[in-house]
Amino acid sequence: MYDVASATAYPPRENEVCHTVSLLPGHLKVKIQKVPDEFLGLPLPVPVPAFEIEAMENAIGTYVQWPTTLIRFSVEATPKVKKLKRMSPEMIFSNELASGLSASRKSPDIPDTIVDSLSQECEWLRTFVASMPDGDSFEVILDGTSFHYNENGKIQVDKNDISQFLRGAKLNISIIQVFMRALQHELNSNDKASKVGWLCPDTTSDTKIKSSTEEVNAYIFKAMNESVKSRNEFVLAPIFENDHWMLLAISVKNCTIYHFDSICLSLGRKIKMKTIVRHFFTRYKMCGNRVNRKEPLWKYVECAQQKGGLECGFYVMRYMFDLVSCCNDVSDLEKVCTSMSGDPFTDEQIDEIRDKWASYFTEHCV
């Protein structure tokens, strides 16, 4: 048996893809970290010719498929540290690729290395939630006016949701909804309540679109019309499709949609919400309303790109925070979008968002 590389492996998810190719049965998505010199020319178990990834040397720093029977998982010992900034989101478990199989995983609880890296706000939240009985949850009220419900909505945030948030795992919809409420609270405090409109990510998810397209169309038409009447400069719509978070910033006046995706595809990602938004503009114009274009303009923003496979929710929260903080009107939105780059957000930028969420939640939702 030979260890041919060290890598980070990702827990299997439904409809998982790697370089646009569906994951093969009995395989995991892994990110190759290091390859010993003697194995650089070794062919990959599952080459990706379309991306010129066929040998181990081509795979360093990127994702490939690897048979589970050729993976040996190893648990890292907890290092003794004074203070860490934070661990990367995908470090839920680590492994070494090998020609044999044995596996052991970390406890589902938050590892000590992550606990040591938490800020004061996040540590207080962790301590408080740890004392909760399993199965308990917090009921959070969502303002019906802000989210364009017929009445106030209610969501549940449970212990597992907060644990995933603190560990840097993929975020549940309720976490995003709480952050939207926090941003609206900040706008209200600064007398800018009408600057931004919101679309509820639960109603615009691909699951909801599949099960009730007409209901989603009706919600979007109602919400966008109410946003226009409230003179919102733009509408922010976090969307969750194919297990991935993205953000749409919609300007009805300019008939323009800005698409923020932390894992950009060269030709743009096909999303169900594009059809829903196009349907809205068609119906909106049929009702006698004027917009600046015959057809909606869809702009794919060159925005910060995530380094791992789990942090898309944190990136969407950061996109929203930056837009709400920097944009007073549509012209500002255009300037911010054109000034962005594909560089990943820094740890400090993500930590700022994590602290803001934790601080708001403990002050207003607990």
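Predicted, not measured: the structure shown is a model, and the values here were computed from it.
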Novice: Quick one: CG on Asn328 to NZ on Lys195, what's the gap to the nearest 0.5 Å?
Specialist: 4.5 Å

Novice: In terms of hydrophobic clustering (I, L, V, M, F, W, Y; side-chain heavy atoms under 4.5 Å; direct or indirect links), are Ile250 and Val330 co-clustered?
Specialist: no

Novice: Taking the side chain from Ser359 and the backbone from Asp355, do they hold a donor-acceptor pair closer than 3.5 Å?
Specialist: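 Judged by distance alone, no pair lies under 3.5 Å.
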
Novice: Cationic tip of Lys274 within the cone over Trp298's six-membered ring, i.e. under 6.0 Å and within 45° of the normal?
Specialist: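 Yes - Lys274 lies over the ring of Trp298, closer than 6.0 Å to its centre and within 45° of its axis.
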
Novice: Within the structure provided, determine whether Glu352 and Arg318 are in side-chain contact (heavy-atom separation under 4.5 Å).
Specialist: yes

Novice: Thinking salt bridges, do Glu121 and Lys356 make one under a 4.0 Å N-O criterion?
Specialist: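 Result for this pair is no, no salt bridge flagged.
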
Novice: Run Asn242 and Asp206 through side chain to side chain contact (heavy atoms under 4.5 Å, CB included) and show every step you take.
Specialist: CA-CA 7 Å; Asn242 297 319; Asp206 56 354; 4.1 Å; yes

Novice: Can you measure from CE (Met180) to CE (Met320) and round to the nearest 0.5 angstrom?
Specialist: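 One finds 6.0 Å between CE of Met180 and CE of Met320.
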
Novice: According to a hydrophobic-cluster definition based on side-chain heavy atoms being under 4.5 Å apart (Ile, Leu, Val, Met, Phe, Trp, Tyr only), do Leu187 and Val140 belong together?
Specialist: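 Same cluster.
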
Novice: Regarding Asn190 and Glu186, is there a side-chain donor-to-acceptor distance under 3.5 Å anywhere?
Specialist: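 Asn190 vs Glu186: no donor-acceptor pair found between side chains.
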
Novice: Taking the six-membered ring where the residue is Trp, are the ring centres of Phe345 and Tyr315 under 6.0 Å apart?
Specialist: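 Yes, they do, as the ring centres are separated by less than 6.0 Å.
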
Novice: Might you point out which heavy atoms bring Cys200 and Gln177 nearest each other, and give the distance in Å?
Specialist: SG-NE2, 3.4 Å

Novice: Could you tell me which non-hydrogen atom of Pro36 sits nearest to which non-hydrogen atom of Val4, and how far apart they are?
Specialist: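 Closest approach of Pro36 to Val4: CD-O, 3.3 Å.
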
Novice: Considering only heavy atoms from C-beta outward, does the side chain of Ser227 approach that of His148 to under 4.5 Å?
Specialist: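 Yes. Closest side-chain heavy atoms under 4.5 Å.
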
Novice: Mind telling me whether Phe240 and Trp245 have parallel, tilted or perpendicular rings, with 30° and 60° as the class edges?
Specialist: tilted

Novice: Could you check whether Lys299 makes a cation-pi contact with Tyr258, meaning its NZ or CZ is under 6.0 Å from the centre of the six-membered ring and within 45° of the ring axis?
Specialist: no

Novice: Report yes if some heavy atom in the side chain of Glu233 is under 4.5 Å from a heavy atom in the side chain of Ser251; otherwise report no.
Specialist: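 A side-chain contact is absent here, since even the closest heavy-atom pair is not under 4.5 Å.
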
Novice: Quick one: are Leu323 and Leu247 in side-chain contact, heavy atoms under 4.5 Å?
Specialist: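 When only atoms from C-beta onward are counted, Leu247 and Leu323 do touch, with a gap below 4.5 Å.
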
Novice: Enter the distance from Lys154:NZ to Leu142:CG here, rounded to the nearest 0.5 Å.
Specialist: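 CG of Leu142 is found 11.5 Å from NZ of Lys154.
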
Novice: Counting only heavy atoms not in Lys272 (residues, nucleotides, ligands), do more than 12 fall under 6.0 Å from its NZ?
Specialist: yes

Novice: Under 4.0 Å between a Lys/Arg side-chain N and an Asp/Glu carboxylate O for Arg72 and Asp3?
Specialist: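 The answer is yes: the pair qualifies as a salt bridge.
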
Novice: Could you tell me whether the side chain of Arg181 and the main chain of Ile141 form a donor-acceptor pair under 3.5 Å?
Specialist: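 Answer holds: yes.
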
Novice: Is there side-chain contact between Asn172 and Phe165, with heavy atoms separated by less than 4.5 Å?
Specialist: no

Novice: Can you give me the closest heavy-atom contact between Asp161 and Ser174, atom names plus distance?
Specialist: OD2-OG, 3.4 Å

Novice: Taking atom types as modelled, is there a side-chain donor on Asp329 or Ser331 under 3.5 Å from an acceptor on the other?
Specialist: yes

Novice: Does NZ or CZ of Arg354 come closer than 6.0 Å to the centre of the six-membered ring of Phe314, within 45° of the ring's axis?
Specialist: yes

Novice: Given 3.5 Å as the limit, does a donor-acceptor pair link the side chain of Asn232 with the main chain of Phe234, or not?
Specialist: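 Looks like no, no N/O pair under 3.5 Å.
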
Novice: Look at the aromatic rings of Tyr149 and Phe147 and report parallel, tilted or perpendicular, splitting at 30° and 60°.
Specialist: parallel

Novice: Should Gln305 and Cys264 be marked as a side chain to side chain contact (heavy atoms under 4.5 Å, CB included) after you check the CA-CA gap, both sets of side-chain angles, and the distance that decides it?
Specialist: CA-CA 7 Å; Gln305 297 294 284; Cys264 279; 3.6 Å; yes

Novice: Checking the side chain of Arg231 only, and the main-chain atoms of Ser194 only, is there a donor and an acceptor separated by less than 3.5 Å?
Specialist: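 No, Arg231 side chain to Ser194 backbone: no donor-acceptor pair under 3.5 Å.
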
Novice: Taking all non-hydrogen atoms of both residues, which atom of Lys208 and which atom of Asp202 are closest, and how far apart?
Specialist: CB-O, 3.7 Å

Novice: When rounded to the nearest 0.5 angstrom, what distance separates CD in Gln306 from CD1 in Ile350?
Specialist: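 One finds 9.5 Å between CD of Gln306 and CD1 of Ile350.
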
Novice: Please report the closest heavy-atom contact between Met340 and Cys303, naming both atoms and the distance.
Specialist: SD-CB, 4.0 Å

Novice: Any Lys/Arg nitrogen of Glu226 or Lys229 sitting under 4.0 Å from an Asp/Glu carboxylate oxygen of the other?
Specialist: no

Novice: Is it true that atom NZ of Lys222 has more than 12 heavy atoms of other residues, nucleotides or ligands lying nearer than 6.0 Å?
Specialist: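 Atom NZ in Lys222 is packed in, count exceeds 12.
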
Novice: Check Phe260 against Cys337 and note the closest heavy-atom contact, atom names and distance.
Specialist: CZ-SG, 3.5 Å

Novice: Under 3.5 Å, side chain of Trp357 to main-chain N/O of Val178, donor-acceptor pair present?
Specialist: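 Between the backbone of Val178 and the side chain of Trp357 there is no qualifying donor-acceptor contact (under 3.5 Å).
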
Novice: So does Lys170 get a backbone contact from the side chain of Glu311, meaning a donor-acceptor N/O pair under 3.5 Å?
Specialist: no

Novice: Could you name each residue pair satisfying salt bridge (Lys or Arg N to Asp or Glu O under 4.0 Å) that touches residues 139-151, not counting sequence neighbours?
Specialist: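 Residue pairs with at least one partner in residues 139-151: there are none.
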
Novice: Say whether Ile162 and Phe128 are linked into one hydrophobic cluster, either directly or through other cluster members, by side-chain heavy-atom distances under 4.5 angstrom.
Specialist: yes

Novice: In the structure I gave you, are the side-chain heavy atoms of Asp261 and Tyr300 within less than 4.5 Å of one another anywhere?
Specialist: no

Novice: Heavy-atom distance under 4.5 Å between the side chains of Ile209 and Thr204, does that happen here?
Specialist: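 Contact flag for Ile209/Thr204 side chains = no.
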
Novice: With no hydrogens and no angle check, is any side-chain donor or acceptor of His27 less than 3.5 Å from a backbone partner on Pro25?
Specialist: yes

Novice: What's the separation between atom CD1 in Ile271 and atom CD1 in Ile276, rounded to the nearest 0.5 Å?
Specialist: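 Rounded to the nearest 0.5 Å, the CD1-CD1 separation comes to 10.5 Å.
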
Novice: Please answer: with hydrophobic residues joined when any side-chain heavy atoms are less than 4.5 Å apart, are Ile71 and Phe39 in the same cluster?
Specialist: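 Looking at the clustering, Phe39 is in the same group as Ile71.
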
Novice: Could you go through the side chain to side chain contact (heavy atoms under 4.5 Å, CB included) check for Leu171 and Gln164 one step at a time?
Specialist: CA-CA 7 Å; Leu171 300 181; Gln164 289 179 327; 5.5 Å; no

Novice: Show, in sequence, the C-alpha distance, side-chain angles and deciding distance for Thr62 and Lys31, and conclude whether the side chain to side chain contact (heavy atoms under 4.5 Å, CB included) test is met.
Specialist: CA-CA 5 Å; Thr62 190; Lys31 185 174 183 180; over 6 Å; no

Novice: Between CD1 of Ile353 and OH of Tyr319, what distance do you get to the nearest 0.5 Å?
Specialist: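 That separation rounds to 12.0 Å.
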
Novice: Short question: side chain of Ser325, backbone of Asp322 - any donor-acceptor pair under 3.5 Å?
Specialist: no

Novice: Can Val46 be reached from Leu28 by stepping across I, L, V, M, F, W or Y side chains whose heavy atoms are under 4.5 Å apart?
Specialist: no

Novice: Quick one: does Thr8's side chain get under 4.5 Å of Gln33's, heavy atoms only?
Specialist: yes

